[in-house]
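Residue numbers start from 1 in every chain, and the chains themselves are labelled A, B, ... in the order their sequence lines are given, proteins ahead of strands. Everything numeric here is computed off the predicted structure, so don't read it as measured data.
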Amino acid sequence: MPELPDVEGFRKTFESCAKGRTIRRVDVRDAGVLHEVSTRRLREALEGRRATKLERHGKWLLARTGGPTLMLHFGMTGQLVCGHPDDAAEAHDRVLFTVGDDRQLRYRDQRKLQGLWLADGDSDVSRLLDGQGPDAMAVARRDFEAALSSRRGKVKSVLTDQSVLAGLGNLLADEILWRARLHPTRRAGDLTEDDRRRLYTQMRRTLRSAVTAGCVPPRDSWLTGHRDDSAATCPRCGSTLHRFRIASRSTVWCPRCQPDES
DNA sequence: TTAGATGTTATTAA
DNA sequence: TTTAATAACATCTA
């Protein structure tokens, strides 16, 4: 699930649930989600502290405390939920943060593909974010266009490459390409000036509404609303959608709206 | 039973 | 050097 809009939603959840409130207790129910940090050190570092600032870069969420920084990545199935300490724990609640008097923030994740890190200082934060390209929501048009034109790979692969641009995942990339009317296997470096401009504009539009929705919404008027139906037609022109695997990811596009010009 | 699922990363190959 | 494909990670569902 988690792409940039989802993680932005988790950022808001963290903020409204726990920002400024003392973390009274850290309960690690499955240490399998901890990276480079032990249960003991996580508890000692965070209990008694409070998250002062919640930041997001691409699909990473950072909780600053004034001391160490808690860094979270959600993989494919992670999420953050805010509840009450008395709520029954669900099977995939891996870490519980009891905050203030009556709230509990939970890192819930079925597959445990990513998890939690604890960065000691700014250099540690930088180390973990090293290799991440500019955030897709914050990148300037010129930087976006420059990054694309220097790449020879397929535009779909380039858009989802976190070292080029941080935040876009498989669904968003397909959605943005469909809106910009670009075939996913077009070479990024071969796009025209106009193609790149359209791509940037549609990326911003798509991100804006997805962030508002808190996810990449499976709306009927979006491509995303049809990707699970193998006989689906394009919501714009009615053509039967094509699907194929690009870089071992399922890819959906409309053959009429997104002609293959390569 | 097997394939595939919105994440990243290491490895291997071209 | 760059790119692409594949497996691996852990777990569930169709």
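- Contact annotation for A:Leu171: backbone-only contact, meaning every heavy-atom pair under 4.0 Å involves sugar-phosphate atoms and none involves a base.
- Between the side chains of A:Arg106 and A:Gln104, at least one donor N or O sits under 3.5 Å from an acceptor N or O.
- A:Glu44 has a carboxylate O that lies under 4.0 Å from a charged side-chain N of A:Arg40, or vice versa, which qualifies the two as a salt bridge.
- Atom-to-atom, CG of A:Leu113 to C1' of B:dA10 comes out at 15 Å; the value is rounded to the nearest Å.
- The separation of C:dT6 from B:dA3, taken at their C1' atoms, amounts to 15 Å, rounded to a whole angstrom.
- In secondary-structure terms, DNA chain C builds stems of at least 3 consecutive Watson-Crick or G-U pairs, each pair having both distances under 3.5 Å, at B:2-5 with C:11-14, B:7-14 with C:2-9.
- A:Arg127 has its CZ atom 12 Å from the P atom of B:dT9, to the nearest Å.
- Chain A approaches DNA chain C over the interval C:dT2 to C:dC12, counting the first and last nucleotide 5' to 3' with an atom under 4.0 Å from its heavy atoms.
- Residues A:Asp174 and A:Lys156 are paired through a salt bridge, judged by an N-O separation under 4.0 Å between the basic side chain and the carboxylate.
- Evaluation of atom-type donor-acceptor distances gives a pair under 3.5 Å for the side chain of A:Arg249 against the base of B:dG7.
- Looking at A:Arg25 and A:Thr98, their side chains never bring a donor and an acceptor atom within 3.5 Å of each other.
- The distance between atom CE of A:Met76 and atom C1' of B:dA3, rounded to the nearest whole Å, is 13 Å.
- Taking atom CD of A:Glu36 as the reference point, atom C1' of B:dT8 lies 14 Å away to the nearest angstrom.
- Scanning both residues, A:Lys12 and A:Val211, for their nearest heavy atoms gives NZ-CG1, 4.0 Å.
- Across every non-hydrogen atom of A:Glu36 and A:Arg41, the tightest pair is O-NH2, 3.9 Å.
- Looking at A:Arg56, A:Lys59, A:His57 one by one, the single match for side-chain hydrogen bond (donor to acceptor under 3.5 Å, both in side chains) with A:Asp135 turns out to be A:Arg56.
- A salt bridge is absent between A:Arg43 and A:Asp27: the closest approach of a Lys/Arg side-chain nitrogen to an acidic carboxylate oxygen does not fall below 4.0 angstrom.
- Under 4.0 Å is where a charged nitrogen must lie from a carboxylate oxygen, and between A:Arg24 and A:Asp101 at least one such pair does.
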task: Run the numbers on A:Arg108 and A:Glu90 for salt bridge (Lys or Arg N to Asp or Glu O under 4.0 Å), then give the verdict.
output: CA-CA 8 Å; A:Arg108 182 176 295 169; A:Glu90 296 202 5; 3.5 Å; yes
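- Of the residues in residues 147-157 of chain A, A:Arg151, A:Arg152, A:Gly153, A:Lys154 come within less than 4.0 Å of DNA chain C through at least one heavy atom, sorted by number.
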task: Take A:Phe74 and A:Tyr107 through the ring-ring contact (aromatic ring centres under 6.0 Å, His included) test and state the conclusion after the steps.
output: CA-CA 9 Å; A:Phe74 300 90; A:Tyr107 179 82; 5.6 Å; yes
